[in-house]
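Working notes for the structure below.
Computed from heavy atoms alone, side chains included, the values below leave out hydrogens, waters and symmetry copies.
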Number of protein chains: 2
Amino acid sequence: MARAEEITKLVHQQGGRMTRQRRLVMEVLASLDTHPTAQELYELVRERVPTISPATVYRNLKLLHDLGCVLELDYGPGPTRYDATVTDHCHARCTRCGRVVDVPVVDVADAATAAAAMSDWLITGCRVELYGLCPKCRDANNRKTQPEGAR
Amino acid sequence: MARAEEITKLVHQQGGRMTRQRRLVMEVLASLDTHPTAQELYELVRERVPTISPATVYRNLKLLHDLGCVLELDYGPGPTRYDATVTDHCHARCTRCGRVVDVPVVDVADAATAAAAMSDWLITGCRVELYGLCPKCRDANNRKTQPEGAR
DNA sequence: ATAGATGCAAAAACTTTGCGAAGCC
DNA sequence: GGCTTCGCAAAGTTTTTGCATCTAT
């Protein structure tokens with residue numbers, strides 16, 4: 001099954017609808033390997049649907065992220081970047097220009113090796129973040145009660 | 001040599017001055033293991049220097065970061081969090097409340113092992129970002145010319 | 001004495017939200 | 001037809017900047 005149909009089905013499962021705008025946000029993102037920001041994506045989609053608003057792009061990116069169809073790369077300064085490739089890989093971000101490129105890795109443990117292999121980049125560091133639920137939140141199964149500090 | 005003196009020396013080397021505000025931002029951050037946001041740090045420092053402004057806290061955090069004395073944890077949604085521990089370690093961030101805790105690792109390759117060891121957390125994922133200079137920026141040694149997309 | 005830092009306030013950068021109109025199923 | 005999504009505009013959140021004043025060296 002094509003990726004587009006797959007995502008359409010996922011959207012329908014959630015009671016959502018596949019609008020022209022939503023499809024385009026998805027398609028344009030998938031056609032790029034540049035990990036665009038929401039603003040950049042907005043500019044690109046606007047070439048095809050001139051009336052689209054930034055809010056729609058943000059809303060659709062969030063929805064597609066919630067469905068697990070896009071990655072949010074909110075590392076580093078500046079705006080969040082998006083990635084339609086959700087299979088395991090990590091990223092290299094330029095500390096000067098903000099450019100982000102893919103680094104294929106099979107496993108997190110390969111990250112150090114990957115760094116060594118990026119010979120055309122000057123790798124100066126590597127950051128790792130594990131994520132999940134802390135003990136308090138894991139135990140607090142009531143989703144209504146957000147612990148202090150939540151957003 | 002004490003950490004405080006070490007940092008003071010670094011600041012002086014850059015032609016900077018160790019003001020009351022700067023020292024406090026540093027000291028308060030170092031006294032916490034909660035990885036506060038700039039706002040939280042501002043509130044805490046304000047207890048000791050009631051006239052300090054948020055701008056000063058931001059400016060000092062940026063300077064200390066440039067000196068390599070604090071880490072910026074700008075993972076995830078919401079404001080950037082700061083960390084005075086710059087020795088190698090990684091972080092676990094709660095996807096519900098935003099809490100960030102330290103996870104000591106000797107090497108990036110240990111990340112997967114660390115995940116397994118965080119038995120009181122419910123780890124659902126792990127992200128890795130390498131950083132450094134991309135080929136274009138590495139070659140462009142003229143710091144005046146920022147490539148497109150830079151910030 | 002003087003370059004660098006501060007405090008204030010305004011602005012910038014990025015993202016979310018409210019609401020009435022329009023469109024998908 | 002009904003509920004979702006859209007476009008617009010306004011507001012929210014986080015961070016940066018301009019400028020006159022102050023201060024560490």
Once rounded to the nearest 0.5 Å, what's the spacing between atom [atom1] of [X] and atom [atom2] of [Y]?
| X | Y | atom1 | atom2 | result |
| --- | --- | --- | --- | --- |
| Arg81(B) | Leu41(B) | CZ | CG | 11.5 Å |
| Thr56(B) | Gln21(B) | OG1 | CD | 6.0 Å |
| Asp66(B) | Leu61(B) | CG | CG | 11.0 Å |
| Leu73(B) | Thr80(B) | CG | OG1 | 8.5 Å |
| His65(B) | Asn60(B) | NE2 | CG | 14.5 Å |
| Arg23(B) | Met26(B) | CZ | CE | 7.0 Å |

Specify the separation, in whole Å, of atom [atom1] of [X] and atom [atom2] of [N].
| X | N | atom1 | atom2 | result |
| --- | --- | --- | --- | --- |
| Asp74(A) | dC14(C) | CG | P | 14 Å |
| Asn60(B) | dT17(D) | CG | P | 15 Å |
| Leu24(B) | dT6(C) | CG | P | 11 Å |
| Tyr42(A) | dC14(C) | OH | P | 15 Å |
| Arg81(B) | dT15(D) | CZ | P | 11 Å |
| Arg22(B) | dT23(D) | CZ | C1' | 12 Å |
| Gln14(B) | dG4(C) | CD | P | 12 Å |
| Leu64(B) | dG4(C) | CG | P | 17 Å |

Test side-chain contact (heavy atoms from CB on, under 4.5 Å) on Leu32(B) and Leu44(B) and set out the steps. CA-CA 11 Å; Leu32(B) 300 168; Leu44(B) 289 168; 3.6 Å; yes
Side-chain (Gln14(B)) to main-chain (Val11(B)) donor-acceptor, under 3.5 angstrom: no
Keeping the roles fixed (side chain from Arg22(B), backbone from Arg17(B)), state whether a donor-acceptor pair exists under 3.5 Å. yes
Does the protein touch nucleotides 20-25 of chain C at the base, only the backbone, or not at all? Give it as B, S and - per nucleotide, heavy atoms under 4.0 Å. ---BBS
side-chain contact (heavy atoms from CB on, under 4.5 Å) for Tyr82(A) and Thr37(A)? Distances and angles first, verdict last. CA-CA 6 Å; Tyr82(A) 295 86; Thr37(A) 63; 6.0 Å; no
For Glu6(A) and Arg3(A), what are the C-alpha separation, side-chain angles and deciding distance, and is it a salt bridge (charged side-chain N to carboxylate O under 4.0 Å, His left out)? CA-CA 5 Å; Glu6(A) 213 174 306; Arg3(A) 181 89 184 125; 3.6 Å; yes
Report for the helix from dA1(C)-dT25(D) to dC25(C)-dG1(D): angle between first-end and last-end helix axes, five pairs each, rounded to 10 degrees. 40°
What residues 46-59 of chain B contributes to the DNA chain D interface at heavy-atom separation below 4.0 Å is Ala55(B), Tyr58(B), Arg59(B)
Any side-chain N or O of Lys62(B) under 4.0 Å from OP1/OP2 of dT16(D)? yes
